[in-house]
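Here's the structure, in structure tokens; my notes come after.
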Protein chains: 2
Amino acid sequence: MSPSRRLTGPHPTLATVAERAGVSRQTVSNALNNPELLREDTLARVQAVIEELGYTPNRAARALRTRASHMIGLRFEPAQEGTSNALIDRFVHSLVEATARTGHHIILFSGDPDDLLDGYDELLRATAVDAFVITDTYAGTPQVDLLDRVGAPFVTFGRPWDDPSAKYPWVDVDGARGAELATEHLIAAGHQRIAWLGWEKTSRIGEDRRSGWSRALAAAGIDAAGLGVRITDNVDAARMAAHELLEDGTVTGFACASDTIAIGVLHALAERNLRPGADVGVVGFDDSLGAQVTWPGLTSVRQPLEQVAIEVIDLLHTVLSLKTPENPARMLEPSLVVRRSTRRD
Amino acid sequence: MSPSRRLTGPHPTLATVAERAGVSRQTVSNALNNPELLREDTLARVQAVIEELGYTPNRAARALRTRASHMIGLRFEPAQEGTSNALIDRFVHSLVEATARTGHHIILFSGDPDDLLDGYDELLRATAVDAFVITDTYAGTPQVDLLDRVGAPFVTFGRPWDDPSAKYPWVDVDGARGAELATEHLIAAGHQRIAWLGWEKTSRIGEDRRSGWSRALAAAGIDAAGLGVRITDNVDAARMAAHELLEDGTVTGFACASDTIAIGVLHALAERNLRPGADVGVVGFDDSLGAQVTWPGLTSVRQPLEQVAIEVIDLLHTVLSLKTPENPARMLEPSLVVRRSTRRD
DNA sequence: GCCCCCGTGTTGAACGATCCAATAGTAGAG
DNA sequence: CTCTACTATTGGATCGTTCAACACGGGGGC
């Protein structure tokens, strides 16, 4: 597979290959970039030499000349509200996978946590990246403004919350639909009084998900009064909120804005000797590692991150080739992973 | 902060800056790379223009001329034995953080899961990276052999298991010491019959950690016979193994090779109505997100990944400047994060 | 027969930085 | 005042690739 012929010494260049194949540099370049311009036998001869020498074009030289680095920047930072830490990691994995096919690479950078713009500018001015993937659009979008202003291509994972009519390309997962799925699932399992445990009102993602819960309840003709609670994303806060809701004994279902919150509910159930699934149904959000290992298994809404990554790269490709994407706003459907926290048997 | 003066148009180059400052290109270059060569006032003038124009050297041009890309490659793949998925993610975060200070950047790539070498060669031949960080040395080290052969710099996170006398630079965390800490902690909490739930014998990391457990038991004069069990890294396998060990009622402590396994033990305790901490002590490994949210909180061995990343980058720096590192083999100490799964109150 | 075009290849220049060798400037010593 | 020694600055060449323009022979179309 990997042609590891040359084991040492300087790397071969276009000129090396050209000389060896008895053609000009440009012809070798064409063999790589515009093979259809060459006569069949010439092409074959050049390709043979390329293979023999294990030649790969120098990225720096190519980038310098074409002004395209084939690198995509992603600011990678510690935990964030909403888009939970682990989620981002899974997304990055998918992204790397998706870029592998296109010859692009992901380059990670970090920045001052207090300055959302930190880092972008430098990479751009150094022409180190061709484009960016932006992952946190819920906290306003100064990055988008910056990149728009300087004309740098980008795609976001996350819709333009502030300005739904914004024209930039984005991919997102329908969180409201996810919460709706969760709630419908609980209703189908026979629950009626289903609580929502979500984030503070300032969280756009949180309010969006919550709307899916109310929609499902409304559709089933269930009164939501007193059942929607807003807390911080924290096991203990969730545990205490759950205790309060469970007090009068009527609430038997919990749809949650995150797995962390759902796990907090499970803690409360354990402390009250209630059985998850049989007595009380609980659904989390994001299908995190925690959901997968927590006892007795947490039903959770899963975002199709692999597909998100593929769509992001597809959009990026279109944008980079200066075309206008047909559908620059792509909303994907989440799915429900059912585990024992909602099984009544 | 971010000098976003120029909002559009072509990027300024060395020549632009030189002309504007009334000096030559080389002088501008020196202002950036060898400021001590310039007279004070010249330096100040040049720096002012650089600031004014928001100039940043073109990375491609610089890389082409100096043959140094200032990029570090990291093969980033889905879940792996031992070094659990989440662990790698945390490490990458720390690594990005650590590189930020040195002007280097992490570039991620993926490869054919069946070919550990896939991807390295191409990046090298394209001179896209200066060096690599390698994270999985437990499965033999074909990457190390390859990179050694072609003379490419690298540092590994993980010691050379196959050949302890290997000369390449590495950083690792003392897993045996971690398991020893865990076991000592359980002993201090009053437990005597402390079981080990670890991975199969083929896992070097697993056997290393296990040795820490036996060392601690031996030091306390406790007989380890029948207490060491090897299973796959899986909640359910751990749950069943725990049930078996708990059968005769004498085992009251569990030291585990991973949080996943420890969580399996917690499941078994729940099913037997045993209280984690009060009745049975459980310690996991890696301080994963799961350990932090699982009820009632899982005591776990934490690897100092932030420090690992710093040491890795430090070694890489030394190697890249063609120096021989003073201490190319760096073993770091893990610590214990105590939570309720080992509290008797 | 003339001209243009098409298919193949070639050559020189350019991308933007740094390295190198050579030069202009600046003191200090004799 | 000149010479030396050193410093600051300069112009040109270079890294490896692609772009732009053009050379060359062979078909048509007229």
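None of these values were measured; they are calculated from a predicted model. The analysis underlying the following values was restricted to heavy atoms, covering all of them including side chains, and did not include hydrogens, waters or symmetry mates. Chain identifiers are assigned alphabetically (A, B, ...) following the order of the sequence lines, protein sequences preceding nucleic acid strands; residue numbering begins at 1 within each chain.
- Looking only at distances, a side-chain donor or acceptor of B/Arg330 sits under 3.5 Å from a matching main-chain atom of B/Asn327.
- An OP1 or OP2 oxygen of D/dT9 is reached within less than 4.0 angstrom by a side-chain nitrogen or oxygen of B/Thr42.
- Applying the 4.0 Å criterion to OP1 and OP2 of D/dT10, one finds that B/Thr27 has a side-chain N or O inside that range.
- The structure places NE2 of A/His105 at 5.0 Å from CD1 of B/Ile107, a figure rounded to the nearest 0.5 Å.
- Applying the 4.0 Å criterion to OP1 and OP2 of D/dT18, one finds that A/Asn33 has a side-chain N or O inside that range.
- Atoms CG (B/Asp41) and C1' (D/dA8) sit 11 Å apart, rounded to a whole Å.
- Of the candidates D/dT17, C/dA17, C/dG9, the closest approach to any side-chain atom of A/Thr13 belongs to D/dT17.
- Side-chain atoms of B/Asp130 and B/His104 include no donor-acceptor pair closer than 3.5 Å.
- Between A/Asp121 and A/Arg125, at least one side-chain N (NZ, or NE/NH1/NH2) sits under 4.0 Å from a carboxylate O, which counts as a salt bridge.
- Listed nucleotides D/dA13, C/dC15, D/dT10 differ in distance to A/Arg67; the shortest reach to its side chain belongs to C/dC15.
- Between the side chain of B/Arg25 and the base of D/dG12, a donor-acceptor pair under 3.5 Å is found.
- OP1 and OP2 of C/dA14 both lie 4.0 Å or more from every side-chain N or O belonging to A/Arg65.
- Projected onto DNA chain D by closest heavy-atom contact, B/Gly22 and A/Asn34 fall at different nucleotides, the more 5' of which corresponds to B/Gly22.
- One interatomic measurement links the two molecules: CG of A/Asn30 to P of D/dA20, which rounds to 13 Å at whole-angstrom precision.
- Of the candidate nucleotides D/dT10, C/dT18, C/dT10, D/dT10 has the atom nearest to the side chain of B/Val23.
- The side chain of A/Arg39 lies closest to C/dG9 when the candidates are C/dG16, D/dG16, C/dG9.
- With rounding to whole Å, B/Gln26 atom CD is found 13 Å from C/dG16 atom C1'.
- Here the nucleotide nearest the side chain of A/Ser29, chosen from D/dT18, C/dC15, D/dT9, is D/dT18.
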